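Within every chain, numbering begins at 1; the chains are lettered A, B, ... in the order of the sequence lines, protein sequences first and strands thereafter. Note that this is a predicted model, so its numbers are computed, not measured.
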There are 2 protein chains.
Amino acid sequence: MEKNRKLNSLRMQEKEARRNLIIDAAERIFAEKPFDRVSVRDIAREAGISHALIYRHFPDQQSLFVEAFLRGAEKIIRFLGELIDEKKTVSIEKVTERFISYLIENDSYFRMMTHFMLDGSLGAGLIERLNTAERALLDQLDRLFIRLKAKGDVRMLSHAYFAAMNGVLITFRNYPGRSGGEVKRHMIRIGKIIAQRFRV
Amino acid sequence: MEKNRKLNSLRMQEKEARRNLIIDAAERIFAEKPFDRVSVRDIAREAGISHALIYRHFPDQQSLFVEAFLRGAEKIIRFLGELIDEKKTVSIEKVTERFISYLIENDSYFRMMTHFMLDGSLGAGLIERLNTAERALLDQLDRLFIRLKAKGDVRMLSHAYFAAMNGVLITFRNYPGRSGGEVKRHMIRIGKIIAQRFRV
DNA sequence: TGTACATCAGTGAACGCGCGTTCACTGATGTAC
DNA sequence: TGTACATCAGTGAACGCGCGTTCACTGATGTAC
């Protein structure tokens, strides 16, 4: 009986581990090519398993994608949190610069986020999970604005700042005839213009 | 000879007219369902023609989509221009409210715009056409900021404002558990928070 | 006026592809007696 | 210790779909003589 439970738990751990290996593979693929061209077969190949096996661990493709995205989102949120704590005095311009840079460097997650935002066909459960992540990110921004002694409704400031940064990252992404470096510099420049106005 | 030219020109006009009918049909379909689920066959059905015929007027699907989008973009730009001219004194909050409302009501064009912004695989010619439209829109915003006697680099302000509005429209689109009206109100609220900060 | 030919808008059927997902099966491991 | 059975991770092949695009063809209209 006791032994039984132990074995059972081991099997569960094994299953969990395999599940994580699949998400790991997904993360690697997402870093490689635009998210909307990633297929279940790609991820299976990267993980070294049959693509049919993925369906023993995830009900469908969308769930796996959301799962992988949430991993990246957690990293982004952790990064932002540390950024805000970093120094005694935070400058919103500095945070903006680092935040934009980070999102550019982790582009596939940013793309996935906007994709999920635009996609109307997500299941309610998945939407809820995505929103939990979004709220966690907004919590960090709240902390930033509180540290900056912002007046008024702090949460609404976080909403506004977050939305504006998203806009910057989407709008200038395909700036024609500009190199990656130039695009990045422009995004940071525009991001700072907005950020300054949140300083009041 | 003379007659020849006339006939030729009539045939050209006819061709142009057919082309426009196809784009009209595309516009209607785009208003009906999310743009990424629109197929060449849908548009052909709406236009009452064989889907093969579309390829006698457009080299490929993407070109047709861009063409249809540019029509909508022109309308948006015209709307924005009139909005700015409307009264002796413009208020950026009012412009923001009307602009956001308009984009919500013409959602499919907004969706297409973000799609094109995120899509890395556009041909150079199409990108150029899209950017011409974007520049025309920024020109209108320039006029707004000039009328508001903004200081500093007006064009950069237009960039910042435009990007921020895009962000608002994307970020809160799927606000969970909120009705369409509530979402709209929230977008306008956040939009105004940002807009106020551009008033300085 | 009649005839042979050219042009070209328009079509239905088919091609070919890649995809998400499911199926029937294998084979290793554990379990009961 | 041996044997029959159950479980379940894992698989390759196949299903079925919808799509963008192309093809071979039709038929109406215009043109040349």
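Protein atom CZ of Arg19(B) is 14 Å distant from nucleotide atom P of dA9(C), rounded to whole Å. Taking atom CG of residue Leu53(A) and atom C1' of nucleotide dC25(C), one finds them 15 Å apart after rounding to whole Å. The distance from atom CD1 of Ile43(A) to atom C1' of dT21(C) is 14 Å, rounded to the nearest whole Å. If you take CG of Asp42(A) and P of dG18(C), they are 11 Å apart, rounded to a whole angstrom. As a whole-Å value, the separation of Met12(B) CE from dT7(C) C1' is 16 Å. The distance between atom CD of Glu14(A) and atom P of dA28(C), rounded to the nearest whole Å, is 16 Å. If you measure from atom CG of Asp36(A) to atom C1' of dC19(C), you get 14 Å, rounded to the nearest angstrom. Spacing between atom CZ of Arg45(B) and atom P of dT11(C) amounts to 14 Å, rounded to whole angstrom units.
Comparing atom distances between the Arg41(B) side chain and each of dC23(C), dT21(D), dT11(C) picks out dT21(D) as nearest. Ranking dC23(C), dT21(C), dT22(D) by closeness to the Ala52(A) side chain, first place goes to dC23(C). Ranking dC19(D), dG12(D), dT21(C) by closeness to the Tyr55(A) side chain, first place goes to dT21(C). You'll find that the side chain of Arg56(A) is closest to dG10(D), out of dT11(C), dT21(C), dG10(D).
In terms of heavy-atom proximity, Ile43(A) sits nearest to Ile29(A) at CA-CG1, 4.3 Å. Considering all non-hydrogen atoms of both residues, Ala68(B) and Ile23(B) come closest at CA-CG2, 3.8 Å.
With a 6.0 Å radius and a threshold of 12 heavy atoms from other residues, nucleotides or ligands, Glu14(B) has its CD atom at or below the threshold.
Between Glu86(A) and Arg98(A) there is a salt bridge, with a side-chain nitrogen of the basic residue lying less than 4.0 Å from a carboxylate oxygen of the acidic one.
Proximity of Arg18(A) to the phosphate of dG10(D): a side-chain N or O atom is located under 4.0 Å from OP1 or OP2.
The partner of dA28(C), taking Watson-Crick or G-U wobble pairs whose two distances both stay under 3.5 Å, is dT7(D). dT1(C) is unpaired under the criterion used here, namely a Watson-Crick or G-U wobble arrangement in which both key atom distances are under 3.5 Å. Applying the Watson-Crick and G-U wobble criteria (two distances, each under 3.5 Å), dA14(D) pairs with dT21(C).
Contact of the Ile194(A) side chain with the Met165(A) side chain is registered, since non-hydrogen atoms from C-beta on lie closer than 4.5 Å.
Both His57(A) and His51(A) lie near DNA chain D, and the one whose nearest nucleotide falls closer to the 5' end is His57(A).
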